[in-house]
Amino acid sequence: MTASRILEVKGSEVFTLPPETTTMDAVKSLREHKIGALIVSSGNGSIDGILSERDVVRAIANHGAEALDSAISTHMTKNVVTCAESTNIAELMELMTKGRFRHVPVARDGKLVGIISIGDVVKRRIAAVEAEAEEIKSYIASV
């Protein structure tokens with residue numbers, strides 16, 4: 001299964017905010033959409049950064065409550081690791097494990113086309129393992 005196939009199944013909607021958005025407004029957006037990360041984008045599919053719940057916690061720990069009044073560009077992760085649509089689940093798991101992050105934007109020609117979370121990867125991996133187990137059971141039953 002590839003990133004492209006995961007996006008076909010789950011959808012490619014991504015919530016983005018411009019870099020000047022306050023951190024408090026970003027936190028409200030995370031809550032409203034029930035998500036763990038937002039893509040920071042100046043528009044036209046650019047990926048300027050990513051703001052995760054972890055980034056917000058780090059900002060508050062470092063700067064106190066006033067961090068909530070500052071722009072998300074101040075607290076976002078700027079060097080965003082992306083994947084291609086052809087990236088497979090094993091590669092996604094390796095990226096996420098090595099980088100210690102839970103969200104990977106999917107890009108085509110440097111432009112955002114979707115986002116995959118660790119939950120998406122785990123869900124697809126479990127489905128694949130269950131399908132494989134069923135195939136083995138069917139094979140054993142037919143022998």
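None of the values given here were measured: they were computed from a predicted structure. Note that the numbering runs from 1 along the sequence shown for the chain. These numbers come from the heavy atoms of this one structure, side chains and all, not from hydrogens, waters or symmetry mates.
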Determine whether more than 12 heavy atoms belonging to other residues, nucleotides or ligands lie under 6.0 Å from atom CE of Met1.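 Enclosed.
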Parallel, tilted or perpendicular: which describes the rings of His75 and His63, with under 30° parallel and over 60° perpendicular?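 Aromatic pair His75/His63 classed tilted.
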Side-chain donor-acceptor pair present, Ser41, Asp48, cut-off under 3.5 Å: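 Absent: no donor and acceptor within the cut-off.
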Are a donor atom and an acceptor atom from the side chains of Asp55 and Thr77 found within less than 3.5 Å of each other?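 Indeed, the side chains of Asp55 and Thr77 share at least one donor-acceptor pair under 3.5 Å.
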By side-chain hydrogen bond (donor to acceptor under 3.5 Å, both in side chains) - contacts of Thr74 (at least two apart):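 Once residues adjacent in sequence are excluded, Thr74 has no partner under the side-chain hydrogen bond (donor to acceptor under 3.5 Å, both in side chains) criterion.
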Contact between [X] and [Y] at the side-chain level, heavy atoms closer than 4.5 Å - yes or no?
X	Y	answer
Ile115	Ile50	yes
Val106	Leu112	no
Ile72	Val56	no

Sidechain N-carboxylate O distance under 4.0 Å for Arg102, Glu53: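 Result for this pair is yes, salt bridge flagged.
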Would a single hydrophobic cluster contain both Ile35 and Val113, if residues Ile, Leu, Val, Met, Phe, Trp and Tyr are joined by side-chain heavy-atom contacts under 4.5 Å?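 Shared cluster, no.
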Determine whether a donor-acceptor pair (N or O, by modelled atom type, separation under 3.5 Å) exists between the side chain of Thr16 and the backbone of Val40.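 Here the side-chain-to-backbone pair does not exist.
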Chi angles and distances behind the side-chain contact (heavy atoms from CB on, under 4.5 Å) call for Leu7, Ile116: CA-CA 8 Å; Leu7 293 178; Ile116 295 177; 4.1 Å; yes
